[in-house]
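Side-chain atoms are counted along with the backbone in the values below, which use heavy atoms only and exclude waters and symmetry mates. The chains referred to below are lettered A, B, ... by the order of the sequence lines, with proteins before strands, and numbering in each begins at 1.
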Amino acid sequence: MKTHSPHVTPPEVPMRGEETIHYALRRCSLGLALIAVSEKGVCAILLGDDAEALREDLRRRFKKALLIEDADGGALVGAAIAMIETPDIHVGFPIDARGTDFQKRVWTALRAIPPGQTTSYAEIARRIGSPKATRAVGSAIAANPVAVAVPCHRVLRSDGALSGYHWGADRKRALLAREKALLPRHVA
DNA sequence: TATTCCTGTCCTG
DNA sequence: CAGGACAGGAATA
């Protein structure tokens, strides 16, 4: 039995200079999604099948932050889920993708690819002004922390092969098929 | 066709 | 700190 305390000390209190990140786990058409939100916006969208594996992934990416799981998650989480389910929707929420300058340049280039369209690693390398860094571009794309909203699934190999996907090739295929289906335009 | 090199970042020893 | 591995791709042998 619990006595009525005037104030309960939370299990975790942010230390000085420590960042707080709220996140929520939600089911979606791609499986399980973990959406994490910082003060600046959505800082991670991770896809998978196992909740604990996703939490671990988040922990690995934000080692120094205080991570708080919310049952609900709030408006940004809802917006993120809606965006996942509807690829042609405008990404209307702020994205707080963290990485090196090179990675941020790559991710910015990705966001310029419209839904239903694809490009190649080499093209991205050209567009950011490092035409010979195609391999490094692949690594940078693989490190993208914000799935779907930063559309790394729209990058294929120059020879047309699907190439890889951090969250599983099936999800990449599913996203591309969905976007293609939503295109009312000419196909050929 | 099979190597080799280029490039940025992370992981390991 | 050195070396290897990566969601690539062009050049060279």
A/Ala142, nearest nucleotide to its side chain (from B/dC6, C/dG8, C/dA7): C/dA7
Taking atom CD of A/Glu69 as the centre, does the number of heavy atoms from other residues, nucleotides or ligands within less than 6.0 Å exceed 12? yes
Does the structure show a Watson-Crick or G-U wobble partner for B/dT7, both distances under 3.5 Å? Name it, or say none. none
For atom CZ of A/Arg61 and atom P of B/dC10, their distance in whole Å: 11 Å
Considering every strand and a 4.0 Å limit on heavy-atom distances, what is the contact class for A/Arg135: base, sugar-phosphate, or nothing? base
When you compare the side chains of A/Ser29 and A/Arg178, does any donor N or O come within less than 3.5 Å of an acceptor on the partner? yes
So for A/Thr134 and C/dG8, does any side-chain atom that can act as donor or acceptor lie under 3.5 Å from a complementary atom in the base? yes
Any side-chain heavy atom of A/Val137 within less than 4.5 Å of one from A/Val155? no
A/Tyr121 has a side chain; which of C/dG8, B/dT7, B/dT9 sits nearest to it? C/dG8
Compare the minimum distances between each of B/dT7, B/dT9, C/dA7 and the side chain of A/Lys172, then state the nucleotide with the smallest one. C/dA7
Check whether the side chain of A/Tyr165 and the base of C/dA7 form a donor-acceptor pair under 3.5 Å. no
Determine the contact category for A/Ser120: base if any of its heavy atoms lies under 4.0 Å from a base atom, sugar-phosphate if only primed atoms, P, OP1 or OP2 are that close, otherwise nothing. sugar-phosphate
Do A/Ser139 side-chain and B/dG8 base share a donor-acceptor contact under 3.5 Å? yes
C/dG3 and B/dC6, which share atom name P, separated by this distance in whole Å: 16 Å
Going by salt bridge (Lys or Arg N to Asp or Glu O under 4.0 Å), A/Asp57 matches just one of A/Arg59, A/Arg55, A/Arg61. Which one? A/Arg61
For A/Ala133, which contact category applies under a 4.0 Å heavy-atom criterion: base, sugar-phosphate, or nothing? sugar-phosphate
From B/dG8, C/dA7, C/dG9, nucleotide with atom closest to A/Ser158 side chain: C/dG9
Tell me what A/Ala140 touches on the nucleic acid: a base, only sugar-phosphate, or nothing, going by heavy atoms under 4.0 Å. nothing
When the P atoms of C/dA5 and B/dT3 are compared, how many Å lie between them, rounded to an integer? 15 Å
Go through B/dT9, C/dA7, B/dT7 for me and flag the one nearest to the A/Lys132 side chain. B/dT7
Among the nucleotides B/dT9, C/dG9, B/dT7, whichever has the atom closest to the side chain of A/Ala122 is C/dG9
Of the listed nucleotides (C/dG9, C/dA7, B/dG8), which one gets closest to any side-chain atom of A/Ile141? C/dA7
Quick one, A/Arg98 and A/Pro145 - any side-chain contact, counting heavy atoms below 4.5 Å? no
